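Numbers restart at 1 for each chain; the letters A, B, ... are given by sequence-line order, proteins then strands. Quantities reported herein were computed from a predicted structural model and do not represent experimental measurements.
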Amino acid sequence: MELVLPARQPFSLHSVIHSHGWMQLAPFRLDEDNRGLAHTARLGTGKVVDIIITAAPDGVSVQSSESLKESEQEELAGMVDWMLGLDQDFAGFYGVASREPRLAQAAARAQGRILRSPTLFEDVVKTILTTNTLWAATIRMNNNLVEQFGDPLSTDQQRKTFPTPQQLASVEVETLRAQTRLGYRSPYIAELARRVASGELDLEALKHSDLPTPELRKRLLGLKGVGDYAAANLLMILGRYDAIPVDSWALKMVSNEWYGGAPVGRAEVEAAFEGWGEWKGLAYWLWDWTPVNR
DNA sequence: GGTAGACCTGGACGC
DNA sequence: GCGTCCAGGTCTACC
């Protein structure tokens with residue numbers, strides 16, 4: 001079955017898919033025909049569906065592997081809306097970005113939306129998996145989580161969902177460590193899953209929280225395994241752009257762009273984008289780092 | 001508040 | 001094949 005969902009313009013499915021590396025992390029994958037984004041999702045009823053999202057006039061088309069009841073269609077529509085940020089408005093950013101050559105293409109490419117997982121729980125876990133490791137290891141750890149603990153699609157056992165907090169909360173830390181190679185992150189993920197599964201922590205409520213960004217950041221920093229970089233990355237996912245996820249790559253790029261390759265720290269990265277105010281995270285994210293002769 | 005060292009895995013490298 | 005080194009953020013203890 002198919003759903004057609006409108007998006008606030010300008011919108012580019014290609015820009016969302018390639019906004020960061022999330023599309024390489026299961027259960028995301030590129031559609032086999034390279035037409036769009038595929039995902040294996042679990043609905044509230046427990047039904048597992050495989051969806052393929054492709055571009056449509058003024059929005060996206062969502063093809064589901066299963067026929068869905070009306071309530072399930074509404075849930076799926078809400079899920080895709082969140083994942084792609086269909087209604088997000090970047091007019092303010094485009095206005096200021098148009099005056100900066102390094103960001104001049106942002107509006108034309110409809111950049112700004114950042115691909116999200118269906119749940120904030122999944123995005124927090126994935127973000128923790130990006131810390132203190134190489135990208136290839138992040139992909140491997142995430143694949144292990146999905147492969148070991150996700151629910152399979154009824155028609156294709158190879159396609160699995162991202163495990164729920166309940167599923168991960170029921171796994172012993174040492175089992176998690178041994179089967180997924182999460183290393184020292186295992187107790188962090190286990191504790192997060194336990195807190196969410198027990199109801200002690202309502203992560204999903206943060207998706208639409210009206211808390212000021214500093215308070216939201218404080219909440220995220222309260223999660224074990226989430227430090228400055230991870231919190232800033234999650235704030236970007238939550239649509240708060242006044243923080244920069246400073247990692248080793250950011251230090252290298254800022255060093256090359258403004259300091260002639262000399263070593264720089266967090267302060268220099270922050271200073272480089274300070275003038276962008278509420279948009280500084282997005283300005284950093286979309287900056288064209290292509291070397292130019294100065 | 002700032003800093004040093006430990007945490008853990010896997011890839012690269014030398015022998 | 002084995003041992004060593006290194007990269008990658010966060011946590012904790014200490015000052």
Side-chain angles (χ1 to χ4, degrees), chain A residues 19-26 114 116-117 120-149 162-163 165 168 171-196 200-201 203 206 213-238 240-257 259 261-274 280-281 284-285 287 289:
Chain A
S19 55
H20 59 152
W22 255 215
M23 58 90 170
Q24 296 179 42
L25 298 180
I114 293 169
R116 300 153 159 163
S117 301
L120 188 57
F121 170 75
E122 184 174 331
D123 276 338
V124 172
V125 172
K126 286 176 173 173
T127 298
I128 291 174
L129 299 190
T130 67
T131 60
N132 200 25
T133 193
L134 305 178
W135 180 244
T138 298
I139 292 175
R140 186 166 42 246
M141 288 186 277
N142 183 76
N143 278 343
N144 290 341
L145 272 179
V146 170
E147 178 60 33
Q148 298 290 330
F149 304 112
F162 194 86
L168 291 183
V171 181
E172 292 292 329
V173 173
E174 288 313 312
T175 305
L176 197 58
R177 188 192 298 265
Q179 294 192 7
T180 60
R181 315 302 292 166
L182 296 183
Y184 68 91
R185 302 170 194 80
S186 302
Y188 300 160
I189 304 298
E191 181 184 329
L192 180 72
R194 182 194 59 74
R195 292 181 65 197
V196 174
E200 175 192 334
L201 175 65
L203 266 186
L206 298 183
T213 302
E215 179 59 30
L216 198 50
R217 177 173 177 274
K218 201 181 294 181
R219 298 280 180 96
L220 294 169
L221 288 173
L223 306 173
K224 281 282 182 63
V226 175
D228 286 335
Y229 158 80
N233 190 65
L234 288 164
L235 285 172
M236 294 279 288
I237 284 173
L238 288 168
R240 308 292 184 103
Y241 306 111
D242 40 350
I244 299 176
V246 180
D247 57 7
S248 56
W249 189 82
L251 298 176
K252 185 178 174 185
M253 290 300 106
V254 168
S255 167
N256 290 338
E257 182 86 352
Y259 294 87
V264 301
R266 157 177 292 275
E268 284 77 14
V269 177
E270 295 284 348
F273 290 93
E274 198 54 48
K280 69 178 180 181
Y284 157 76
W285 199 269
W287 198 259
W289 299 103

_Quick test of your reading: applying salt bridge (Lys or Arg N to Asp or Glu O under 4.0 Å), list the pairs with at least one residue in residues 244-256 of chain A, sequence neighbours left out, ordered by first then second residue._
none

*Check the surroundings of atom CZ in A:Arg219: do more than 12 heavy atoms from other residues, nucleotides or ligands lie under 6.0 Å from it?*
no

*For the helix from B:dG1-C:dC15 to B:dC15-C:dG1, measure the angle between the helix axis at one end and the axis at the other, each built from five pairs, rounding to 10°.*
30°

*Quick one: does A:Leu221's side chain get under 4.5 Å of A:Asp228's, heavy atoms only?*
yes

*Mind checking the CG-OG1 spacing from A:Asn233 to A:Thr127? Nearest 0.5 Å is all I need.*
4.5 Å

*Write down the distance between CZ (A:Arg177) and P (B:dG10), rounded to a whole number of angstrom.*
12 Å

_One character per nucleotide, please: for nucleotides 8-15 of chain C, 5' to 3', B when the base has a protein heavy atom closer than 4.0 Å, S when only the sugar-phosphate does, - otherwise._
BBSSS---

_From CA spacing to verdict: side-chain hydrogen bond (donor to acceptor under 3.5 Å, both in side chains), A:Trp22, A:Asp123_ = CA-CA 9 Å; A:Trp22 255 215; A:Asp123 276 338; 2.5 Å; yes

*So, is A:Arg181 close to the B:dG10 phosphate, meaning a side-chain N or O under 4.0 Å from OP1 or OP2?*
yes

*Taking atom OH of A:Tyr229 and atom CD1 of A:Ile244, what is their separation to the nearest 0.5 Å?*
13.0 Å

*Would you call A:Lys280 and A:Tyr241 a side-chain contact if the rule is heavy atoms closer than 4.5 Å?*
no

_Minimum heavy-atom distance between A:Thr131 and A:Arg185, given as atom pair plus value_ = O-NH2, 3.0 Å

*Protein-nucleotide distance (A:Asn142, atom CG; B:dT9, atom P), rounded to Å*: 17 Å

